[in-house]
Number of protein chains: 2
Amino acid sequence: MKLSNNKVEIDGIDKEILRYLMEDARKPILEIARKIGISGAAIHQRLRKLESSGLISGSKFIINPKVLGYTTMAFIGIYLDKAMRNPEAVKQLKEIPEVIECHFTTGNWSILIKILCRDNEHLMSVLNHKIQTIEGVSRTETFISLDQQIDRQIGI
Amino acid sequence: MKLSNNKVEIDGIDKEILRYLMEDARKPILEIARKIGISGAAIHQRLRKLESSGLISGSKFIINPKVLGYTTMAFIGIYLDKAMRNPEAVKQLKEIPEVIECHFTTGNWSILIKILCRDNEHLMSVLNHKIQTIEGVSRTETFISLDQQIDRQIGI
DNA sequence: TATGAAAGGTTTCCTTA
DNA sequence: TAAGGAAACCTTTCATA
């Protein structure tokens with residue numbers, strides 16, 4: 001149900017279903033159905049409702065980049081020239097596969113990105129040859145993530 | 001196959017399977033099997049291999065926090081007193097449900113976190129009553145994400 | 001909002017190349 | 001070591017309450 005403030009209302013059963021599937025998207029629906037005590041078809045119907053409300057944006061297999069040799073994660077604050085149209089810079093950032101997040105932010109920087117590289121040498125090369133060469137990028141500040149301690153979705 | 005440099009070697013079929021499942025974790029395996037031209041059982045066997053290599057860390061339903069009323073994302077750089085043991089601060093950050101990422105970083109801050117709040121008022125309350133009250137936190141710098149333009153996994 | 005039933009998909013095991 | 005067939009179980013949709 002969609003409330004006037006545009007939030008979606010979900011009940012305890014919806015939450016229970018989502019908590020299982022947020023942990024493991026391929027958990028058998030019938031297994032969840034037996035734990036909750038309703039039919040599999042009822043769960044499918046609720047999932048369709050949650051999908052059309054926009055609460056569920058999809059499902060993903062999560063791959064571990066370290067196993068592919070991507071061991072260096074970094075945040076980069078980007079200063080853009082006043083003259084530069086931000087959307088053009090973002091368009092170019094999208095072409096860089098190492099860039100995995102990009103945010104327009106308040107504060108000193110115009111843009112904050114998260115990037116994933118094989119090692120420090122690769123990071124330096126992406127900075128010098130891909131980020132710094134984008135038109136309008138005047139300066140960057142790099143923060144390497146030495147260790148990620150928390151990575152989760154909002155609790156429901 | 002695990003190479004001496006600890007990277008895992010995957011072939012074109014593995015990549016094709018993963019590309020489908022990284023987009024949609026519940027995509028029918030038999031549908032993928034028909035597109036690739038091998039049996040469903042062969043795909044399951046490859047997925048088991050990829051799981052035991054650690055390349056696949058699991059699967060998740062992705063929920064859209066905006067639909068639950070969480071519209072304000074922010075990054076917070078945290079300065080810790082020298083005396084403070086960082087792991088103790090992280091332990092306390094894990095208890096704050098709004099904190100969805102936490103990184104030890106190089107640079108000015110000890111810790112960089114990403115948080116998800118309902119609105120600016122909620123953000124201010126988390127900062128003042130939850131983050132700043134952690135022992136050892138001396139100062140914070142907040143960057144609100146006005147708009148996230150890129151959010152993806154590493155390409156394979 | 002929930003159900004049973006039916007058609008098709010998942011997953012495992014065993015066998016084969 | 002990688003692939004396929006078969007069997008038991010699960011998913012998904014539909015008609016229906």
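Just so you know, these numbers come straight off a predicted model, no measurement behind them. Order of the sequence lines fixes the chain letters, A, B, ..., with proteins taken first and strands second; residue numbering starts at 1 for each chain. Hydrogens, waters and symmetry mates are skipped; everything else that's a heavy atom, side chains included, is used.
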Nearest-Å distance for atom pair CD/P, residues A:Glu9 and C:dT1: 11 Å

Nucleotide nearest A:Ala41 when distance is taken to its side chain, options C:dG4, D:dG4, C:dT10: C:dG4

For atom CZ of B:Arg46 and atom C1' of C:dT11, their distance in whole Å: 17 Å

A:Arg46/A:Asp11 salt bridge by N-O under 4.0 Å criterion: yes

N or O in side chain of B:Arg34 less than 4.0 angstrom from C:dG9 OP1/OP2: yes

Upstream residue (5' side of DNA chain C) when A:Pro28 and A:Gly40 are each assigned their closest nucleotide: A:Gly40

Any donor-acceptor N/O pair, A:Arg152 side chain to B:Val99 backbone, under 3.5 Å: yes

Aromatic ring proximity, centroids under 6.0 angstrom, A:Phe143 and B:His103: no

Pair B:Asp24 + A:Lys60: basic N to acidic O under 4.0 Å: no

Between C:dT12 (P) and B:His44 (NE2): distance, integer Å: 7 Å

Protein-nucleotide distance (B:Ile38, atom CD1; C:dG9, atom P), rounded to Å: 16 Å

Selection from C:dT10, D:dT12, D:dA3 that lies nearest to any side-chain heavy atom of B:Arg26: D:dT12

Nucleotide D:dA2, atom P - distance to CZ of B:Arg48 in whole Å: 12 Å

Rounded distance (Å) that lies between atom P of C:dT1 and atom CD1 of A:Ile10: 13 Å

Rounded distance (Å) that lies between atom C1' of C:dA17 and atom CD of B:Gln45: 13 Å

Sugar-phosphate, base or nothing in reach of B:Leu30, heavy atoms under 4.0 Å: base

Value in whole Å for how far the P atom of D:dT11 lies from CD1 of A:Ile29: 6 Å

